[in-house]
Amino acid sequence: MAKIAVVGAGYVGLTTAACFSHLGHEVVCGDIDAERVARLAEGDVPIVEEGLEQLVVDGLRHGRLRFVVGAAAAVAGVEFAYLCVPTPQAPDGAADLTFVESVAAEIGPLLASESIVVNKSTVPVGSTRIVQRALRRPDVLVVSNPEFLREGSAVHDFLHPDRIVVGADDPNAASRVAALYLGVPAPFIVTDPASAETIKYAANAFLAAKISFVNAIAAVCEAVGADVTDVVLGIGSDKRIGHDFLRPGPGWGGSCFPKDTRALVRIAEDAGYDFDLLRGVISVNSQQHARVVDKIRDAAGGSLDGVVVGVWGLTFKARTDDLRDSPSLAIIEALRREGAVVQGYDPTVERELDGIQLCVDPYEACAGARVLAVLTEWDDFRWIDPEHVGELMSARQVVDARNLLERPAWQRAGFTYQGIGR
Ligand SMILES: NC(=O)c1ccc[n+]([C@@H]2O[C@H](COP(=O)([O-])OP(=O)(O)OC[C@H]3O[C@@H](n4cnc5c(N)ncnc54)[C@H](O)[C@@H]3O)[C@@H](O)[C@H]2O)c1
């Protein structure tokens, strides 16, 4: 079993650290956030991710997982150092490598000879070489091992991935990284670093394109009087297309798709290719946020000024507490710009958010509201009694931006129901 450092204890780093320790490795996870580290050292996991807390607690109890403050404290004597730090969007759309480069510069002098630095952060093509330069250690190799986990099922996805991608110039380094996943049933794709880095961006861009495509089809359905639910069933049944990621909604968001699609447009542009198709995918997504706002305004009778809107769902998707680039927040901001008063509820959000009256349950969010908007696909919302909700509201108007609710039940309770593409 190997000695592994994981730098960054966020969604990816913490999952990586907990899962590698679960596989039997000795893992030290370092983060600059001292408060986060203190909580993790007590087995208190600060993010919502199914099964993660149990793995962290198990790892701590068996002595295979430790948390320390800072990257430097994590890497002493390790054979592998995983970089799982943020790669946010820079103002010009490119991925900002500041975190990655500064960690590489920090740990470079401390790494053992023949150890391997592994990029798990999503980084543009060429970053493996940038990290190699920042390390200033020719005796330490850099390997790309992008992560494809989905928030909400991160532990499952790490331990049961569709594939494991390893990009390395040195075949021996690639084999050493692949060997860390012993016991994980998945095919390996071993390639060069540039291809591994491109696979990650291409995968996210393709998934974003599928969602934008179905949202565009939903708009066509509305225009021609078709029902997108049946259309999706019809096209998804074709094995070449498949059902995954073909759910219309308020548009994609989260910590990855928005920045990664823009970064890929930029990567292509820098390399002399105009990725017009992907720019279209991004533009359809912004239009989708606006289309949901239009529906809510229509439901309110044409103006949002002073209108109370109840919002169910704030996170970018269900089963996570992640609010980063959530379509729900983008839509709420647009509603507020037009004068709406927003009462929001989400099962995992407890902290106050600017301009949203945060409610303790879905019913409170509806009290006195003229329109109810369902913006995140939490299962809990599906089973709420529309009659009870209607009694709390000042008008029976619902905009179901996830096509989540049982439409006939809401219509029977006297609601005017607007979904997406139906
Ligand atoms: N979130 C996802 O679903 C997902 C999936 C695949 C890939 N990725 C990629 O993985 C990377 C990390 O994403 P995330 O969502 O885990 O980010 P995150 O913001 O949740 O976590 C990053 C962590 O790194 C820590 N950190 C920052 N600088 C540090 C330093 N110098 N030393 C030690 N720790 C430091 C931060 O305190 C934070 O806890 C990004 O490149 C992202 O694009 C994310």
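Side chains included, hydrogens not; waters and symmetry mates left out as well; all remaining heavy atoms used. Read the numbers this way: they start at 1 and go in the same order the structure lists the ligands and their atoms.
Residues meeting the salt bridge (Lys or Arg N to Asp or Glu O under 4.0 Å) test with Glu364, sequence neighbours left out: none. Scored by the salt bridge (Lys or Arg N to Asp or Glu O under 4.0 Å) test, Asp170 finds no partners at all (sequence neighbours excluded).
At a heavy-atom distance under 4.0 Å, only side-chain atoms of Ser255, from C-beta outward, approach ligand 1. When heavy-atom distances to ligand 1 are checked against a 4.0 Å cut-off, Phe99 comes that close only through its side chain, counted from C-beta outward. Counting heavy atoms closer than 4.0 Å to ligand 1, residue Val7 contributes side-chain atoms (C-beta onward) but none from N, CA, C or O.
Against a heavy-atom cut-off of under 4.0 Å, Lys259 is close to the following atoms of ligand 1: 42 (C), 43 (O). Interface atoms of ligand 1 facing Lys200, defined by a heavy-atom separation under 4.0 Å, are 6 (C).
Given atom 29 (C) of ligand 1, the protein heavy atom at minimum distance is Ile32 CG1, 3.4 Å. Closest to atom 41 (O) of ligand 1, if we only count protein heavy atoms, is Thr87 OG1, 2.5 Å. What sits closest to atom 6 (C) of ligand 1 on the protein, heavy atoms only, is Glu147 O, 3.2 Å.
Residue-ligand proximity: Cys256 is placed with a non-hydrogen atom under 4.0 Å from ligand 1. For the ligand labelled ligand 1, residue Arg324 lies inside the 4.0 Å heavy-atom shell.
Ring geometry for Phe158 versus Phe20: interplanar angle over 60°, hence perpendicular rather than tilted (30 to 60°).
Closest approach of Ala330 to His289, counting heavy atoms only: CB-CD2, 3.9 Å.
For the residue pair Asp346/Thr315, the side-chain donor-acceptor check at 3.5 Å is satisfied. Side chain to side chain, Asn119 and Tyr82 fail the donor-acceptor criterion of an N or O pair below 3.5 Å.
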